[in-house]
Every structure is written in C-alpha cells, then in structure tokens.
Amino acid sequence: MVKYFHDSIFVTIAGILIAYFWGEHVKPGGGLMAVFIACVLAILEISLSFDNAVVNAMKLKNMSKKWQHRFLTWGIVIAVFGMRFLFPILVVAVFAHLDMLTVTKIALNDSDKYAHYLSLSHAPIVTFGGLFLTMLFLYYFFNNEKKIHWITCVEKPLSYLDHFKGIEIVISLLIIIFLQTFIPEEEKVSVIIAGMVGIITFLTIEGISQFLEHHEQERLAKCVSSGAACTGLVSFLYLELIDASFSLDGVLGAFALSDDIIIIAVGLGIGAMFVRSLTLLIVDTNTLAKFRYLEHGAHWAIGALAIIMLVTTVKQVPEVVTGLIGLFFIVAALISSIVYNKKHAQDEE
C-alpha cells in the first residue's frame, strides 16, 4: 500500500520545507505556523475530495497504465498551478479590480499589500465561496435516491426535500437576503452579486459535469461494444475537468484559513497529490469503499465550512477552529464506518 504514496510523501516533504521557509521569509518566526496551516489545508483538501477520488477511480479503471501515470504526473501540475495558484489570483483580481499580472507580483513580493487588497474584497470573496459550498452541501443531502445515511435523523428528512425542485436555489437566495442585512451599505451590492455568482457558478459546473458524464458514458459504451481501447487524451481531459470542478470547494475554502497564495498552493497541492494517490489505490484495491460514511463526513465538513465563510463576512473566526471542525467530521465519519463494518461482520457470523 505504501508504494501508492511514494510521490505524495515526497511532495509533502518538499511542501513542508517550502511552507516553512516561505513563512519565515514573510514573517520571521512564522515558519511553524505556515507549516501548520499548510497541513490543515492538505487535510481539508483530502477530506473534501474523497468523493472526487471515487469518481476519478470509476473513470481511471478504463484507462491504460500509461495514462493513469500521466493523470498522476501531468494532472498534478494542472491541479496545483492551475486551480490552486492561478484561480485564487483570478478571484482576487476580479474582486479587487486589478489585472492578474499585478496581483501575481503583489502576492509573491508584497504579502502585506496582497492581504490589504484581499481584505478589501473579503466579504464578496467569502460570500461567493460560501454560497458555492452551500449549494454543494444541499445538492448532496437533498437527494431522494441516496439510500445510505450517516446521521439518519437529519439526513433522511433532508433527502425528501429533493421532491421540491429548485429548493437548493431558494434556500441559497434566502441566505443572501438574510446575510445582506448585516453587511455595511457600501458592500451590499458586491456581496449580493458575489453570492448570486457563486450559485450560478455551481449550477453551471454541475450542468457541464452531468453533460460530460452522459457523453463519456455513451463513448465508453461504444468502445466496449466495438472492442476498442477506452483510454487516451479524451478521458484524461475529461478527468481534469471533473477534478477542477471538485477542487473549487477546497480552493474557495482555503480563503477561510489563509490569504497567502504560496501557503494555499502548497497545502492544497499536497492534498491534491494524496487524492490522486488514493484514486490509484481505489482502482487497484477498492479499500475506500469499506468506509461508507466518509463521503457524508466530507459533505458535513463542507456545510460547516460554508457557514463559517458566511459568518466571516461580519465576524472573524479563528483559523484553527475552521480547520478542526472539518477534521472532526472526517474522524467521526471514519470511526462510524469502522464501527458499522465490525457490527455488520458480527451480524453475518
């Protein structure tokens, strides 16, 4: 099993060193805190991406070993540099009304100035991320076809709300209406727009993902019927698009933990590498399927993170609290899964 994580361990060691020296560079004595935040971000990324690993594994099993390796190598470059570095810069550029080159220079050379621009756009950024994550949380639990429930007394009633079409959008819009009553007058418009863009972004990605998945299933069916090999660039690009949509929650959630672009990229990059290693492990051994509640725990962590991000529009929340809440849900779900497995095994005996 360790062989699947050789590259991830190497990336982790390199990432921790980069985080430490970058933290010391930005603020003398801040190296250990930078390492801690990077580790929390990595854990958060892994916990939020268990479902991503499962989806990736379902697609990856139809690809050749060569393309599986390319997904682990080429894909991690796209994931780290594209979604974990460029995307946060794009977000700041949009909300701070600056070009991306300027934001990149500021992020790398003047963290105080970058933090200043980020603070000016903090409310709309976390509103955008909070509403995106809220939609992700609601779409997962408002699903009448979901038969496995972890916190049954809560999740089962929530699944019935699937019968009310568009209820996720209605709830999210009501959250925006409620939230804007606490926002200063000069920020209300930007917060409302950011929240609506967060909802629209989720719906767009969800629609594109379903469209691609439908056509990919048709393509695989044709490959199987004709005896052709269902591997190659098309499947690779499809996986990268799906991976990008899944990674948005971790990227947006990172703003609740740190405003340092390097620490965000390092932490999420470590997490992304482990997720890819987990994907290959799932393909070969299917071990993740044994822990039936991990996906539930990850989505409860998403819901908690969404609430925290929305709260931070008006009140600061300690970074440690944000990280530990997500970790609590994952550990609790893992323990529940192990207990279920033991009880199920005893019943079979």
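Hydrophobic clustering, with ILVMFWY side chains joined whenever heavy atoms are under 4.5 angstrom apart, groups V266 together with V77. Linking ILVMFWY residues whenever their side-chain heavy atoms come closer than 4.5 Å, directly or via other members, leaves L138 and Y160 in distinct clusters. There is no path of hydrophobic side-chain contacts, each under 4.5 Å, that joins V170 to I176. Follow the hydrophobic side-chain contacts under 4.5 Å out from V191 and you never reach I200; the two are in separate clusters.
Contact annotation: the side chain of I151 approaches that of C153 to within less than 4.5 Å [non-hydrogen atoms, C-beta and beyond]. The closest side-chain heavy-atom distance from L310 to V126 is not below 4.5 Å. Side-chain contact between V103 and I106 is absent, with no heavy-atom pair separated by less than 4.5 Å. Taking 4.5 Å as the limit, some side-chain heavy atom of M135 sits within range of a side-chain heavy atom of I169. Side chains of D260 and W22 form a contact here, defined as non-hydrogen atoms less than 4.5 Å apart. Between E187 and P124 the shortest side-chain heavy-atom distance does not fall below 4.5 Å. Side-chain contact check for I199 versus L173: some heavy-atom pair is nearer than 4.5 Å. Counting heavy atoms from C-beta outward, T201 and L131 have side chains that stay 4.5 Å or more apart.
Taking OH of Y140 as the start and CD of E168 as the end, the distance is 14.5 Å to the nearest 0.5 Å. Annotation: the span from N144 atom CG to K156 atom NZ amounts to 10.5 Å, rounded to 0.5 Å. Summarising the geometry, atom CZ belonging to F128 is positioned 9.5 Å from atom CG belonging to L133; distances are rounded to the nearest 0.5 Å. A distance of 11.5 Å separates CG of L86 from CD1 of I78, quoted to the nearest 0.5 Å. Of the inter-residue distances, the one linking S159 atom OG with E145 atom CD reads 11.0 Å to the nearest 0.5 angstrom. To the nearest 0.5 angstrom, K27 atom NZ is 14.5 Å from H25 atom NE2.
Every residue meeting the side-chain contact (heavy atoms from CB on, under 4.5 Å) condition with A332, not counting sequence neighbours, appears here in chain and number order: W150. Applying the side-chain contact (heavy atoms from CB on, under 4.5 Å) test to L90 and every residue at least two apart in sequence or in another chain returns V94, M100.
No donor-acceptor pair closer than 3.5 Å links the side chain of D162 to the backbone N or O of N143. Side-chain N or O atoms of E24 include one that pairs as donor or acceptor with a backbone N or O of G29 at under 3.5 Å.
Between A306 and G130, the closest heavy-atom pair is CB-O, 3.6 Å. Heavy atoms only, all atoms of each residue included: A34 and G23 are closest at CB-CA, 3.8 Å. Residues P157 and V154 come closest through the heavy atom pair CD-O, 3.2 Å. For the pair I264 and L41, the tightest heavy-atom approach, listed with the atom from each and the gap, is CA-CD1, 3.8 Å. A93 approaches D99 most closely through the heavy-atom pair CB-C, 4.3 Å. Closest of all the heavy-atom pairs between M273 and D7 is CE-CB, 3.3 Å.
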**Message:** Working note: L278 + F5, criterion side chain to side chain contact (heavy atoms under 4.5 Å, CB included); need CA distance, chi angles, decisive distance, verdict.
**Reply:** CA-CA 8 Å; L278 277 173; F5 298 97; 4.0 Å; yes

**Item:** CA sep, side-chain torsions, deciding dist, call: L158, L161, side chain to side chain contact (heavy atoms under 4.5 Å, CB included)
**Value:** CA-CA 5 Å; L158 288 179; L161 293 177; 4.1 Å; yes

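Less than 6.0 angstrom separates the ring centroid of F178 from the ring centroid of F182. In this structure, F329 has its ring center no closer than 6.0 Å to that of H299. For Y139 and F202, the distance between ring centers is under 6.0 angstrom.
Surrounding CD of E186 are more than 12 heavy atoms belonging to other residues, nucleotides or ligands, all under 6.0 Å away.
When I183, T312, L179, V197 are each tested for a side-chain contact (heavy atoms from CB on, under 4.5 Å) with T127, only one passes: L179.
Between W300 and F141, the two ring planes are tilted [angle within 30° to 60°]. Using bins of under 30°, 30° to 60° and over 60° for the plane-to-plane angle, the ring pair Y293/H296 lands in the perpendicular bin.
With 3.5 Å as the limit, one finds no donor-acceptor pair spanning the side chains of T134 and S172.
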